[in-house]
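See below for the structure under consideration.
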There are 2 protein chains.
Amino acid sequence: MAEKQLRRSLAILPMSTVMALTDLSARQIRYYETQALVHPARNEGNRRRYSLNDVDRLLEVKDGLASGMDFATMRRLYAKTHQVESTQLESKRLSDERARHLLEAEMQQLAGMRPPQSGLQQRL
Amino acid sequence: MAEKQLRRSLAILPMSTVMALTDLSARQIRYYETQALVHPARNEGNRRRYSLNDVDRLLEVKDGLASGMDFATMRRLYAKTHQVESTQLESKRLSDERARHLLEAEMQQLAGMRPPQSGLQQRL
DNA sequence: TCTTTCGTGTCAGAACTTATGACATGAAAG
DNA sequence: CTTTCATGTCATAAGTTCTGACACGAAAGA
């Protein structure tokens with residue numbers, strides 16, 4: 001299960017994808033970051049790279065806002081979780097090699113029973 | 001079930017991520033596409049966007065090559081699968097809104113309880 | 001052995017995407 | 001009436017990806 005968490009923590013999505021997935025504007029997504037509600041990783045070129053967990057968090061923030069909750073509150077709410085996450089990640093130091101294997105495992109599972117794939121909608 | 005398939009078909013990854021995940025060069029990835037072994041979607045700006053299924057396929061191709069198989073062979077091998085996929089997909093037309101919900105569900109599951117397992121291939 | 005074909009590397013120039021910072025604003029809050 | 005909040009919108013710089021072209025060692029043919 002440590003695997004699972006790692007998989008979800010892999011920073012693999014660019015801003016455009018996150019925008020499409022959350023229906024939030026780049027401005028909003030970056031703003032929530034200044035509010036310490038998400039902490040995307042950065043690639044070597046300084047571009048943000050989000051994990052599935054990040055997208056999840058953004059959707060929660062979106063919901064929170066919709067229901068009148070303010071950032072300070074949500075920040076407090078996520079505080080503990082945050083620490084845990086970062087602690088785990090820092091002590092892991094995941095290499096691309098390892099990440100690849102985790103992803104493979106992930107896909108294998110998802111592939112379980114299957115009539116495979118192909119590309120569909122382009123937008124996201 | 002149909003859900004899972006769709007989720008895995010979401011074109012959400014940029015070239016750089018796929019390169020890191022597969023350890024293949026952009027050149028290789030694009031070449032395999034000219035060989036009709038992968039069919040990434042494109043965003044509005046004409047940038048390739050890969051799905052988890054695409055990454056899966058690329059890893060299979062990589063393995064195939066490593067074990068002396070040639071493209072023509074792999075192409076034939078994947079041919080049938082392809083048709084099925086595209087047929088299904090064309091009749092689906094997924095909206096961003098819907099994709100978002102599917103992704104959420106996906107993440108929920110992943111977050112749930114899942115027994116991972118390494119190793120890949122078979123079915124070849 | 002000479003000639004293709006393969007699978008990749010690498011370069012160039014154009015086009016697309018994302019980053020940061022600044023100015024602007026309607027809605028709330030004070 | 002004046003701030004603060006959450007976003008929109010611009011501008012400029014820099015990172016990323018696209019296509020096409022030239023090159024090349026290795027394998028396959030002739």
Side-chain angles (χ1 to χ4, degrees), chain A residues 10-51 54-55 57-78 96 99 119 121-124, chain B residues 10-51 54-55 57-78 96:
Chain A
L10 290 179
I12 58 180
L13 310 174
M15 178 59 89
S16 55
T17 294
V18 177
M19 290 171 68
L21 255 27
T22 62
D23 199 37
L24 289 171
S25 67
R27 184 70 166 81
Q28 292 175 297
I29 297 173
R30 296 197 197 102
Y31 183 57
Y32 300 163
E33 184 180 339
T34 71
Q35 298 305 303
L37 290 169
V38 246
H39 307 295
R42 298 276 184 144
N43 68 4
E44 292 202 349
N46 194 44
R47 266 52 205 172
R48 272 169 268 251
R49 282 298 176 268
Y50 299 83
S51 67
D54 290 327
V55 174
R57 168 62 54 78
L58 286 171
L59 289 170
E60 293 178 5
V61 171
K62 189 182 175 186
D63 273 22
L65 279 181
S67 48
M69 197 178 300
D70 63 39
F71 290 163
T73 305
M74 291 191 266
R75 208 176 301 138
R76 245 176 287 123
L77 210 83
Y78 301 141
D96 280 7
Q121 37 38 290
Q122 25 224 10
R123 294 266 29 221
L124 42 161
Chain B
L10 290 178
I12 58 181
L13 310 174
M15 179 58 89
S16 55
T17 294
V18 177
M19 290 170 68
L21 256 26
T22 62
D23 200 35
L24 289 171
S25 68
R27 184 71 167 80
Q28 292 176 298
I29 298 172
R30 296 196 197 102
Y31 183 57
Y32 300 164
E33 183 180 340
T34 71
Q35 297 306 303
L37 290 169
V38 246
H39 307 294
R42 298 278 185 143
N43 68 6
E44 293 201 343
N46 196 43
R47 266 51 205 171
R48 272 169 267 251
R49 283 299 177 266
Y50 299 82
S51 67
D54 290 327
V55 174
R57 169 62 54 79
L58 286 171
L59 289 170
E60 294 179 2
V61 171
K62 189 183 174 185
D63 273 21
L65 279 180
S67 48
M69 197 178 300
D70 63 41
F71 291 162
T73 304
M74 292 190 265
R75 207 176 303 138
R76 246 176 286 121
L77 244 159
Y78 301 140
D96 281 8

*asked:* Just to be sure I understand the rule, does A/R49 reach a base, reach only the sugar-phosphate, or reach nothing, if contact means heavy atoms closer than 4.0 Å?
replied: nothing
*Quick one: label B/R30 by what it contacts on the DNA or RNA (base, sugar-phosphate, nothing), any heavy atom closer than 4.0 Å.*
base
Partners of [X] by side-chain contact (heavy atoms from CB on, under 4.5 Å), sequence neighbours excluded?
X: A/A41; value: A/A11
X: B/A66; value: none
X: B/T17; value: A/I12, A/R49, B/L13, B/P14, B/L21
X: B/N46; value: B/R42

_Base-contact (B) and sugar-phosphate-only (S) positions in nucleotides 2-14 of chain D, heavy-atom cut-off under 4.0 Å, - elsewhere_ = ---SBBBB----B
*Could I get the full list of salt bridge (Lys or Arg N to Asp or Glu O under 4.0 Å) partners for A/R48, not counting sequence neighbours?*
A/E33
*Atom CE of B/M15 and atom C1' of D/dC18: how far apart are they, to the nearest Å?*
9 Å
*Output all residues satisfying ring pair (Phe, Tyr, Trp, His ring centres under 6.0 Å) with B/Y32, sequence neighbours left out; order by chain, then residue number.*
B/F71
*Between which nucleotides of DNA chain C, 5' to 3', does chain B make heavy-atom contacts below 4.0 Å?*
C/dC6 to C/dT17
*Taking only residues two or more places apart in sequence or in another chain, which ones pass side-chain hydrogen bond (donor to acceptor under 3.5 Å, both in side chains) with A/D63?*
none
Between the protein and nucleotides 27-30 of chain D, list the N/O to N/O atom pairs that are separated by less than 3.5 angstrom.
none

